[in-house]
2 protein chains.
Amino acid sequence: MRQNPTLKKIAEKLNVSISTVSRALKDHPDISSETKKKINELAELIEYDPNPYAINLRTHSSKEFAVVVPSLSNFFYHSFISAIEEDARDYGYSVIIYRSSNDPKIEQQILKSCRHKRVSGIFIAITSETTDIAPFLKLDIHGIPVIFFDKVPQYESCNKICVGDEHAASIAAEEILKKGFRNVLGIFGDKNMSITQARLQKFMEVMRNGNPEIDLKTVHARSSEEAEQLTLSLIPDYLEKKFAIFCMSDEILAGTMKAIQRKRLKPPHDLGLIGISDGMIPSLFYPEITYAETSGYNLGKLAYSRMMRCISGSSFAQTIIDQSKLVMGGSI
Amino acid sequence: MRQNPTLKKIAEKLNVSISTVSRALKDHPDISSETKKKINELAELIEYDPNPYAINLRTHSSKEFAVVVPSLSNFFYHSFISAIEEDARDYGYSVIIYRSSNDPKIEQQILKSCRHKRVSGIFIAITSETTDIAPFLKLDIHGIPVIFFDKVPQYESCNKICVGDEHAASIAAEEILKKGFRNVLGIFGDKNMSITQARLQKFMEVMRNGNPEIDLKTVHARSSEEAEQLTLSLIPDYLEKKFAIFCMSDEILAGTMKAIQRKRLKPPHDLGLIGISDGMIPSLFYPEITYAETSGYNLGKLAYSRMMRCISGSSFAQTIIDQSKLVMGGSI
DNA sequence: CTGAAAGCGCTTACAG
DNA sequence: CTGAAAGCGCTTACAG
């Protein structure tokens with residue numbers, strides 16, 4: 001069980017003071033280049049690396065960002081994290097990933113631990129049951145910026161980076177209108193989720209305005225299985241009028257596709273199908289499913305630059321919406 | 001920017017020494033229950049929580065585990081991490097997740113940072129290009145146990161927890177034999193991967209021993225797209241003899257399923273299909289695909305108990321293989 | 001240009 | 001039962 005090298009060890013070996021070593025290693029202008037040289041060489045040789053705990057205790061800063069997500073097996077969050085990591089690396093920050101398992105209790109613990117560890121900032125997609133924003137306010141009091149992304153609280157004055165729910169819903173709706181469908185089934189998620197409300201409302205609005213004649217039905221499913229059941233029971237037996245299904249999310253799309261396969265129907269011939277997705281699930285089928293793209297990567301880039309602005313001080317709360325774009329598959 | 005409460009603050013308010021507060025808070029037998037009571041009450045009130053950096057600096061221990069994986073958008077790793085987190089919580093450890101992006105350079109950085117942070121232990125699935133095991137040995141010298149899982153190094157004397165590649169391949173092969181297929185296509189991953197070699201070899205062995213008459217063909221695909229192309233070109237035009245496809249991994253299964261959909265074939269009627277998977281992809285199709293299960297959750301439980309053994313000192317190196325089981329879908 | 005000293009927030013051996 | 005003191009490994013204002 002070997003000890004890590006310390007400033008003291010270097011100082012002793014070189015017969016200088018700890019202060020000098022510390023300064024030399026951070027290229028302080030006071031130190032002669034000769035001294036710097038020998039110190040850096042030895043440090044290199046014995047693989048000195050500063051103890052992050054000591055630094056933090058002293059300076060109250062960690063150069064660490066935390067990303068908190070409800071779930072990890074999620075392509076969207078994965079690309080979000082990639083984007084954050086790319087940028088963070090460039091700025092000398094490291095990033096730690098926490099998973100709340102969509103449990104507000106665990107989320108609270110994570111936030112607490114972030115506070116005690118004095119992370120430099122937090123990116124968080126909250127759980128679907130998070131109602132208490134006090135812990136976030138507390139973080140703020142302690143000078144830790146919080147950037148909400150994807151799943152964000154209702155609370156106004158905070159930094160939020162969101163998928164363009166309305167925009168995504170509207171471009172999907174427009175595609176349905178453009179293709180001239182007359183009979184449309186919209187399957188949405190849990191009624192209580194803010195993204196459900198946003199997507200549903202906009203989708204309806206665009207459909208109604210586009211063509212009031214359309215036979216439009218909307219339902220809510222809280223799971224993949226429920227979406228499958230709903231699809232099974234709501235696909236008309238005779239698909240005479242041009243029929244299309246819109247799926248608000250990947251989870252719903254997965255259920256709906258199972259029902260479609262079960263009925264041995266083939267998009268786009270038998271019916272039209274379109275979703276909102278990050279692109280992973282749609283690419284598993286043939287023909288690939290057309291979707292309005294929600295890009296975790298874009299969101300990550302936006303979130304990071306917001307974070308840097310907060311850290312540099314100019315931290316008025318702001319909500320940023322990332323616009324969506326249509327990715328053409330062959331399902332509609 | 002408020003300060004977190006400290007021992008000192010409590011001590012001052014209560015007119016006792018810092019030492020007494022520290023001891024009271026950890027229920028040291030020396031302290032009178034009266035003193036303990038008032039200290040705990042105040043601590044509770046002002047939400048005292050010890051500074052983890054100070055503790056670590058003092059005690060050289062972090063009560064933190066690191067999990068390092070190549071990728072996050074992966075159901076298998078997700079369940080592995082769930083299992084670790086469940087157990088860790090019970091023992092008062094927290095777990096930090098790192099992603100190497102399958103890049104040995106990044107992996108090295110992560111390991112270094114784990115060493116400096118003196119994490120209590122590391123669970124790691126190495127990148128496909130990790131060859132240098134020196135960093136892991138160094139961790140060991142510093143008394144940080146490393147448990148390799150899923151993707152493990154060739155190196156003998158270390159702790160490895162692996163999926164039962166041979167076992168999974170053999171139960172899939174046996175299922176094919178049992179159903180009496182005469183014409184079998186096995187699609188495997190990159191030839192250089194150890195799991196490919198293990199799965200291929202065992203699959204062939206079981207098939208040959210089971211029925212030497214079978215028309216068996218094996219191919220390698222390095223991506224989903226390649227698997228799709230291979231499947232398209234290798235499915236016989238006339239499926240007269242009973243034909244089955246075995247897919248070594250989810251990635252390959254995804255490509256193969258696209259080809260099957262493209263050809264408008266329906267398992268199990270037109271052909272048999274079986275894979276090795278964690279279960280996420282197989283459940284997206286109807287009928288669901290039959291697979292030999294590799295469970296991240298099981299692996300996590302096994303890995304954790306190995307870790308605890310290492311921490312408690314009895315740390316001879318050991319390789320543990322998790323056995324697989326057949327999950328029946330309707331594709332074969 | 002270099003060093004001695006204080007202090008970040010804790011723990012613990014030692015003394016009483 | 002309680003406290004004073006040392007020390008974990010760093011940084012930085014102050015002094016020279």
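The analysis underlying the following values was restricted to heavy atoms, covering all of them including side chains, and did not include hydrogens, waters or symmetry mates. Just so it is clear: chains get the letters A, B, ... in the order the sequence lines come, proteins before strands, and each one is counted from 1.
- The salt bridge (Lys or Arg N to Asp or Glu O under 4.0 Å) check on A:D49 picks up B:K112, with sequence neighbours excluded.
- Taking the salt bridge (Lys or Arg N to Asp or Glu O under 4.0 Å) definition, one finds that B:E12 meets it with nothing, sequence neighbours left out.
- Among residues at least two apart or in separate chains, ring pair (Phe, Tyr, Trp, His ring centres under 6.0 Å) pairs with a member in residues 107-138 of chain A are A:F65-A:F123, A:F136-A:F148.
- With contacts defined as side-chain heavy-atom distances shorter than 4.5 Å, the pair B:C162/B:D322 does not qualify.
- Partners of B:E129 under the salt bridge (Lys or Arg N to Asp or Glu O under 4.0 Å) rule, at least two apart in sequence or in another chain, do not exist in this structure.
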Intra- and inter-strand pairing of DNA chain D, written as dot-bracket with Watson-Crick and G-U pairs under 3.5 Å and | for the latter, reads |||.||||||||.|||
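- Remark: A:T319 engages A:K160, A:I321 in a side-chain contact (heavy atoms from CB on, under 4.5 Å) (not counting sequence neighbours).
- DNA chain C lies under 4.0 Å from no heavy atom of any residue of residues 37-51 of chain A.
- B:Y155 meets the ring-ring contact (aromatic ring centres under 6.0 Å, His included) test with no other residue; sequence neighbours excluded.
- Contacts of A:N192 classified as side-chain contact (heavy atoms from CB on, under 4.5 Å), with partners at least two apart in sequence or in another chain: A:D190.
- Evaluation of the side-chain contact (heavy atoms from CB on, under 4.5 Å) rule for B:I161 yields B:I147, B:F149, B:L299, B:L302, B:A303, B:R306, B:I320 as partners, not counting sequence neighbours.
- Applying the side-chain contact (heavy atoms from CB on, under 4.5 Å) criterion to B:A24, with sequence neighbours excluded, gives B:I31, B:K36, B:I39.
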Determine, for nucleotides 1-6 of chain C in 5'-to-3' order, which nucleotides have protein heavy atoms under 4.0 Å from the base (write B), from only the sugar-phosphate (write S), or from neither (write -). BBBBBB
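- Here A:I55 lies in heavy-atom contact (under 4.0 Å) with sugar-phosphate atoms only.
- B:K26 comes within 4.0 angstrom of the backbone, heavy atoms only, and of no base.
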